[in-house]
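Reviewing the structure listed below.
Each chain gets a letter, A, B and so on, in the order the sequences are listed, and its residues count up from 1. These numbers come from a predicted model, not from an experiment.
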Amino acid sequence: MQPLILEAEAPVRITHPDKLLFVDPPVTKLANLEYLVQMAPYLLSHLRDRRITLVRCPHGIAGHRFYQRHVPSGAPSYIPYREVEGGKREIVIEDVATLLFYANLGTIEFHAELHRLSDPRPRVLSFDLDPSDTSDFEKVRKTAFYVRDTLSELDLPSVVKTSGASGLQVFVPLLEPIAYEDSRRIVRFIARYVEGRWPHIATTARLIKERGDKVYVDAPQHGPTRTLIAPYSVRATPLATVSTPIHWSELEGGCRPQDFTIRNVPARVAQFGDLMTESVAPASAATIAKMLNSQR
DNA sequence: GATGTAG
DNA sequence: CTACATCAACGCGCT
DNA sequence: AGCGCG
Ligand SMILES: [Mn+2]
Ligand SMILES: [Mn+2]
């Protein structure tokens with residue numbers, strides 16, 4: 001095989017560029033690399049300064065898949081890491097070259113923590129909505145609007161994105177960071193409120209067998225050790241879906257997670273920008289403080 | 001996909 | 001040399 | 001005190 005080198009911040013050696021990662025629609029490793037190059041300005045803004053977990057499918061999405069949190073041995077010297085106790089090197093992605101290096105290893109998904117390495121406090125509230133019945137998107141959609149409307153009454157504007165799988169995630173950007181102790185309190189409180197008000201649709205039951213066919217408002221997913229699929233990450237799904245921030249009006253109009261894929265998201269973002277950062281004015285600490293106080 | 005290690 | 005295993009974690013709220 | 005969950 002002739003060696004293929006992609007020039008980024010460093011030259012990245014690419015192996016098996018024609019490896020078919022997705023069958024239908026067909027997506028080769030090279031096509032995935034091209035997607036990442038195009039989307040890097042947006043994707044990287046959600047990966048930088050955070051701890052990253054990868055999902056790798058070296059033999060395509062039908063093959064064996066596994067999570068990876070640590071830099072593999074033998075990585076080139078341009079690959080950064082965060083050295084942690086025990087000598088383990090946690091994955092950090094700051095530039096295109098690193099993105100491409102991991103993509104060459106068969107990485108499909110990039111998951112990121114909510115807070116940054118440089119600050120242990122999140123600058124966002126997050127609500128992970130997981131349908132029990134993965135085919136029941138209508139119920140997830142409803143729950144997302146319940147969460148939005150509840151937040152709205154508290155003067156907290158929110159933005160929604162598809163996870164790229166079967167769920168949705170709702171975010172409240174904050175002007176200033178707040179401690180997880182506080183953000184978790186608020187997220188838990190709102191999750192329980194939504195469950196209480198729409199008990200036939202939403203649940204916060206941690207035990208799967210108690211959830212029935214309701215949507216799990218996964219408040220525990222908002223925490224210092226948890227990650228969420230990054231905006232604009234491809235998912236290892238048959239359709240090569242992408243976790244995509246959308247307008248509430250699009251959700252109202254009946255859009256579906258499968259509408260956003262590796263094929264069409266780059267054009268969408270080129271046209272409309274990153275809705276994750278542009279569609280909502282961050283809430284102030286004062287609004288949050290009010291929220292916290294009223295709850296105690 | 002690449003590495004480390006056991007056979 | 002080939003074959004095979006490994007590739008993440010905890011935290012943490014609840015029963 | 002142990003467990004189930006993502
Ligand atoms: Mn989810
Ligand atoms: Mn979840």
Side-chain angles (χ1 to χ4, degrees), chain A residues 1 3-4 6 12-21 28-30 32-33 50-77 79 81-82 84-93 98-115 120 122 126-132 134 140 163-169 179-181 183-192 195 203-212 214-230 235-236 243:
Chain A
M1 146 203 348
L4 172 62
L6 291 185
V12 183
R13 174 157 250 118
I14 302 303
T15 55
H16 314 282
D18 299 324
K19 166 79 67 182
L20 206 54
L21 297 178
T28 62
K29 187 198 274 186
L30 188 61
N32 190 39
L33 290 161
R50 293 169 168 90
R51 210 154 57 128
I52 301 299
T53 299
L54 311 175
V55 173
R56 292 176 55 193
C57 308
H59 306 289
I61 62 158
H64 178 226
R65 79 181 56 178
F66 55 90
Y67 288 81
Q68 186 154 355
R69 313 194 61 156
H70 302 288
V71 177
S73 56
S77 57
I79 299 299
Y81 53 85
R82 172 179 189 253
V84 63
E85 192 175 333
K88 299 237 180 193
R89 301 175 164 190
E90 297 179 330
I91 293 172
V92 173
I93 301 178
T98 306
L99 213 45
L100 299 184
F101 169 75
Y102 287 117
N104 183 57
L105 266 29
T107 301
I108 306 287
E109 303 187 356
F110 297 87
H111 300 244
E113 290 179 335
L114 294 166
H115 63 284
S126 64
F127 299 84
D128 182 32
L129 310 181
D130 299 330
S132 298
T134 57
V140 189
S163 79
S166 51
L168 291 167
Q169 290 147 359
Y180 269 113
E181 183 183 339
S183 63
R184 299 184 78 161
R185 236 199 203 92
I186 297 168
V187 169
R188 209 157 47 221
F189 175 80
I190 290 169
R192 287 183 183 142
E195 173 187 47
T203 179
T204 62
R206 215 169 54 92
L207 266 42
I208 291 175
K209 61 172 159 60
E210 294 176 8
R211 291 180 199 163
K214 300 171 198 170
V215 174
Y216 179 45
V217 184
D218 185 0
Q221 196 67 30
H222 178 88
T225 68
R226 320 302 289 274
T227 62
L228 284 179
I229 186 69
R235 301 305 304 269
S243 179

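In this structure, the CD atom of Glu195(A) is 17 Å from the P atom of dG13(C), given to the nearest Å. The separation between Arg65(A) atom CZ and dA8(C) atom C1' is 15 Å, rounded to whole Å. The OH atom of Tyr102(A) sits 14 Å away from the P atom of dA2(B) (whole-angstrom rounding). Here dA2(B) presents its C1' atom at 14 Å from CD1 of Ile79(A), a figure rounded to the nearest Å.
Among the candidates Ile79(A), Ile91(A), Val12(A), the single residue satisfying the side chain to side chain contact (heavy atoms under 4.5 Å, CB included) test with Thr98(A) is Ile79(A).
When the C1' atom is used for both dC10(C) and dA2(B), the distance is 27 Å, rounded to whole Å. When the P atom is compared between dC5(D) and dA8(C), the two are found 24 Å apart, to the nearest whole Å.
In this structure, Arg192(A) reaches the sugar-phosphate backbone alone: every heavy-atom distance under 4.0 Å involves primed, P, OP1 or OP2 atoms, never a base. Residue Arg184(A) is in sugar-phosphate contact alone, with no base atom involved, counting any heavy-atom pair closer than 4.0 Å across all strands shown.
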- Task: Using a 4.0 Å cut-off on protein heavy atoms (strictly under), produce a 5'-to-3' string for nucleotides 1-6 of chain D with B for base contact, S for backbone-only sugar-phosphate contact, and - for none.
- Result: --BBBB
Between N or O atoms, less than 3.5 Å apart, protein on one side and nucleotides 1-7 of chain C on the other: list the pairs.
from   : atom 1 : to       : atom 2 : distance (Å)
dC7(C) : N4     : His64(A) : ND1    : 3.4

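In this structure, CZ on Arg13(A) lies 9.5 Å from CG on Leu4(A), to the nearest 0.5 angstrom. Here the straight-line distance linking atom CD1 of Ile93(A) with atom CG of Leu99(A) works out to 6.0 Å at 0.5 Å rounding. Taken to the nearest 0.5 Å, the NE2 atom of His70(A) stands 11.0 Å off from the CZ atom of Arg82(A). Here Thr225(A) contributes atom OG1 and Leu114(A) contributes atom CG; the two are 10.5 Å apart, rounded to the nearest 0.5 Å. Rounded to the nearest 0.5 angstrom, Gln68(A) CD and Leu105(A) CG are separated by 7.0 Å. Once rounded to the nearest 0.5 Å, the distance linking OG1 of Thr28(A) with NE2 of His16(A) reads 13.5 Å.
The shortest distance between side-chain heavy atoms of Tyr216(A) and Arg206(A) falls below 4.5 Å.
OP1 and OP2 of dA8(C) both lie 4.0 Å or more from every side-chain N or O belonging to His111(A). When the side-chain nitrogen and oxygen atoms of Thr15(A) are compared with OP1 and OP2 of dA2(B), one or more of them lie within a distance under 4.0 Å.
The main-chain N or O of Arg69(A) is never found under 3.5 Å from a side-chain atom of Thr53(A) such that the two would form a donor-acceptor pair.
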